[in-house]
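Right, one structure below, let's go through it.
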Amino acid sequence: MGYRLTKKGLNAALTDLSRQYKLYAPHRYVNQGEFSDTDSIRYGEIKTADDMELLEKSSHTFKEALIPISETFFFFTEDNIKESERIHTGAVIFLRSCDLHAVKRLDEIYLNNGAEDYYYKRLRDKVKFVLLGCVSSFENCFCVDMGTNISTEYDASLDVRDGQYYIDCKFSDWDSIFQNNAEEILDVVPSHVDQTTIQVSLPDTDTINTEKVIKNSMWDEYDTRCIACGRCNFSCPTCTCFTMQDIFYTDNGKAGERRRVWASCMVDKFTDVAGGGSYRNKHGARMRFKVLHKVVDYRQRFGYHMCVGCGRCDDVCPEYISFSHAVNKLSRVAKEG
Amino acid sequence: MRTNEYAPFLSKVLSVQKHTDIEYTFRMAYEGIVKPGQFFEVSIPKFGEAPISISGYGDGYVELTIRRVGKVTNEIFEYYEGDSLFIRGPYGNGFDLDDYRGKELVVVAGGTGLSPVRGVIDYFASNPEQVKSLKVIAGFKSPSDILFFEDIARWKKTSQVILTVDCGEADFECSIGFVTEHIPKLKFEDVSKAAAIVVGPPAMMHFSSLELMKIGFLEKNIWISQERKMCCGIGKCGHCKINDVYVCVDGPVFNYTKGKTLID
Ligand SMILES: Cc1cc2nc3c(=O)[nH]c(=O)nc-3n(C[C@H](O)[C@H](O)[C@H](O)COP(=O)(O)OP(=O)(O)OC[C@H]3O[C@@H](n4cnc5c(N)ncnc54)[C@H](O)[C@@H]3O)c2cc1C
Ligand code: SF4
Ligand code: SF4
Ligand code: FES
């Protein structure tokens, strides 16, 4: 069912929702940007419509709400292992179409690839999604080419036009919440973009000669350009890699914990094995590994592309390395055969 | 109840066999079906986890042959008979004995690479009627690095074993040279139907496979086992991924036709 709400109405609905859920949405952190006098737009817990940054793209994604940057699995005491406590409140995540498509990628790895991930599943079961409509595309986005510009599998959608908020609610439990606060009941179709300024042409993953592409010199430029900082991975809504860590608490060596921490295939040590061995030492090889994963081998394994075209990797790279540019080059190289 | 695959369980150390100063085999209590070439994540709370291959198995136990090289494995060496370690698994595909039944089988192993295939060799050495023939080429750096002396002596009763060291003195037990140098000396009735398992460091597996093909082995009759950094063992952490393959769930054992396409 669709609804039109005023800001006051939306705030009342958000208050209702927050009785059951924590609400996560893009939030503008003033003066907390990377550079002087710049803001940072990241996910945070919100209470009101004004807490949400609905006009710009967030540099960080929602995924922290599903895969915390550092997540404790077990607490250790001298002779006991205790599982970390589950969170009982549900969560509502406000996100754009590309990011909602990214959730499918997270699910694929954490729920379907090998055994189900217990910690992901216990958070995931409690999460609902509100789609934020996109009126026009942002810098570096290429969702249309990735087929992620339209989303239909949301619990509700939210669009803001002329100070009015438009909601399409698909989760019937919420209808009363919106209905109680609505000005009008009407059909609402969330807005989406049909074109982006950046365009990518994708390689044909059925015919690509991976060995040849890997050996192509196109990756060499990244040996020196890329500084292996990993920001492209940490800002990517589809990256899922982590490292397991055991730690001692410094004040009490007998206690400690086992946790997982986000990891990046662009950063040193990702492949290190005992005795000094490691793979993909050159940064170009890491770039190649990442790009092929996003637009070649993930599709070969799961049937659809991993990258959702959000453009955040390009937004955040300190060396101005363009992922979409690399994909286009890869497609040319792959065609040459 | 949903199971937490990350939750390790306690397993008692039934016995410890010392091969070298840095390589011990821990026989651990375990009830359940395992395959040679699968692995467990062995852990010590506050130190961490390490993937370790199953080097042998039997009623109520699995054997893990561990080389001490760092944080976790050093700590494991502080554990003895009667103590318990945390383990979770088994993970990975392991070797499928049916791939080798009724064939002329050769196993080429380098160093600790012998441990994931030890279960396969043990099985066919004890059930020699299930293969046409069994040959083993086991290579080590030096005589003091040799693992599984007693097993090798037992295997020799029913199979041809070539024990070789990279350098040192040859005696009638042990020859000199890399494993690859011994491959051309092997004799088969019909090499095009013979099967081979090659396990060891990446370069050793590469050159041994090439050498096997030179004497007539078909690619599809060669199997290798890969080792990569692994944090989860269940297709989540991404560390072991190569191309479209997760070594922990799709491997670590690969037929060479797939194994050769994996480029790090
Ligand atoms: C499928 C598989 C089977 C293995 N079988 C055996 C075996 O039978 N016997 C044996 O002695 N060793 C085996 N290894 C190697 C063993 O896992 C490493 O030596 C061990 O993880 C080192 O841990 P550490 O903490 O002692 O060393 P550190 O150097 O302190 O380890 C640092 C980190 O790197 C990781 N790591 C280091 N080396 C490896 C590696 N080769 N593979 C995966 N992760 C690594 C560890 O998880 C750890 O987090 C196997 C590895 C794999 C992947
Ligand atoms: S690879 Fe880049 S564009 Fe694609 S989903 Fe990840 S951050 Fe977005
Ligand atoms: S953000 Fe840029 S410099 Fe940093 S690892 Fe990614 S490509 Fe390299
Ligand atoms: S070990 Fe984690 S994905 Fe393979």
Side-chain angles (χ1 to χ4, degrees), chain A residues 73-81 83 109-110 112-122 205 210-211 214-215 239-249 253-258 260 263 265 269-275 277-280 285 289 292-293 296-302, chain B residues 1-10 41 43-51 66-75 84 86 88-89 91-92 111-112 201-203 226-246 248-250 260-264:
Chain A
F73 280 9
F74 303 105
F75 290 104
F76 304 131
T77 55
E78 194 156 9
D79 41 27
N80 196 5
I81 292 193
E83 196 180 295
I109 295 296
Y110 281 116
N112 303 331
N113 194 46
E116 183 177 277
D117 190 287
Y118 176 83
Y119 296 92
Y120 179 80
K121 175 76 175 161
R122 72 182 195 181
T205 57
T210 302
E211 192 180 342
I214 288 177
K215 290 186 177 145
C239 277
T240 48
C241 292
F242 62 84
T243 297
M244 295 277 256
Q245 291 181 345
D246 272 32
I247 54 155
F248 286 104
Y249 297 141
K254 289 186 175 130
E257 64 181 68
R258 177 166 299 160
R260 74 162 145 223
C265 60
K269 294 199 165 82
F270 186 77
T271 63
D272 281 11
V273 293
S278 67
Y279 303 91
R280 299 189 298 275
F289 180 80
L292 292 190
H293 188 33
V296 178
D297 59 63
Y298 181 98
R299 183 166 200 269
Q300 290 169 334
R301 188 177 179 88
F302 299 112
Chain B
M1 255 265 320
R2 195 177 301 136
T3 52
N4 182 350
E5 202 43 70
Y6 295 105
F9 46 88
L10 273 174
E41 286 282 350
S43 72
I44 299 183
K46 299 176 291 239
F47 290 87
E49 296 189 303
I66 303 177
R67 171 192 280 246
R68 60 183 302 170
V69 290
K71 205 169 147 196
V72 181
T73 49
N74 283 344
E75 189 60 23
S84 292
F86 281 99
R88 58 184 179 92
Y91 298 128
T112 43
Q226 290 281 11
E227 258 187 39
R228 284 298 176 280
K229 175 162 173 131
M230 292 186 182
C231 277
C232 70
I234 52 172
K236 305 282 173 273
C237 74
H239 288 278
C240 72
K241 188 184 145 314
I242 318 174
N243 299 358
D244 63 339
V245 155
Y246 289 78
C248 65
V249 289
D250 306 332
K260 69 164 185 185
T261 66
L262 304 179
I263 308 170
D264 283 289

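Lettering of chains follows the sequences in order, A, B, ..., and the numbering in each one begins at 1.
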Output for pair (B:Cys237 SG, A:Met244 CE), nearest 0.5 Å, gives 8.5 Å
ask   = Is the gap between the ring centers of B:Phe47 and A:Phe248 under 6.0 Å?
value = yes
Chain A heavy atoms under 4.5 Å from [X]: which part of the residue, side chain, backbone, both or neither?
X: B:Val72; value: neither
X: B:Ala7; value: both
X: B:Pro201; value: neither

Taking every heavy atom of A:Gly114 against every heavy atom of B:Val249, the minimum-distance pair comes out as CA-CG1, 4.1 Å
All heavy atoms of A:Asp246 vs all of B:Ile44, minimum pair found to be OD2-O, 3.4 Å
If you count heavy-atom pairs under 4.5 Å with chain A, which of [options] comes out on top?
options: B:Cys232, B:Pro8, B:Pro45; result: B:Pro45
options: B:Asn243, B:Ile242, B:Thr73; result: B:Asn243
options: B:Glu227, B:Glu5, B:Lys241; result: B:Lys241
options: B:Ser43, B:Pro202, B:Gly233; result: B:Ser43

Salt bridge (charged side-chain N to carboxylate O under 4.0 Å, His left out) filter on A:Arg301, not counting sequence neighbours, yields B:Asp250
Taking C-beta and beyond as the side chain, do [X] and [Y] meet within less than 4.5 Å on heavy atoms?
X: B:Asn4; Y: A:Glu83; value: yes
X: B:Ile263; Y: A:Phe289; value: no
X: B:Phe86; Y: A:Ile81; value: yes

Which bit of [X] comes within less than 4.5 Å of chain B, counting heavy atoms only: side chain, backbone, both or neither?
X: A:Ala263; answer: side chain
X: A:Lys215; answer: neither
X: A:Thr77; answer: backbone
X: A:Phe74; answer: side chain

Check your understanding: Are any side-chain N or O atoms of B:Lys236 and backbone N or O atoms of A:Ile109, one a donor and one an acceptor, separated by less than 3.5 Å?
Key -> yes
Treating B:Asp244 as the side-chain partner and A:Asp297 as the backbone partner, does any N or O pair qualify as donor plus acceptor under 3.5 Å?
no
In terms of heavy-atom pairs under 4.5 Å with chain B, the winner among A:Arg299, A:Arg260, A:His293 is A:His293
Most heavy-atom pairs under 4.5 Å with chain B, out of A:Asn113, A:Thr210, A:Val273, A:Asp272, belong to A:Asn113
request  = Verify whether one side chain among A:Tyr279 and B:Arg228 offers a donor that lies under 3.5 Å from an acceptor in the other.
outcome  = yes
Report task. Classify the side-chain pair A:Thr243/B:His239 by whether it contains a donor and acceptor separated by less than 3.5 Å. Result -> yes
### Task
Can you label the angle between the A:Phe242 ring and the B:Tyr6 ring as parallel, tilted or perpendicular, going by 30° and 60°?
perpendicular
N-O pairing of B:Glu49 and A:Arg258 below 4.0 Å:
yes
Those residues at least two apart in sequence (or on a different chain) that pass ring pair (Phe, Tyr, Trp, His ring centres under 6.0 Å) with A:Tyr110 are A:Tyr120
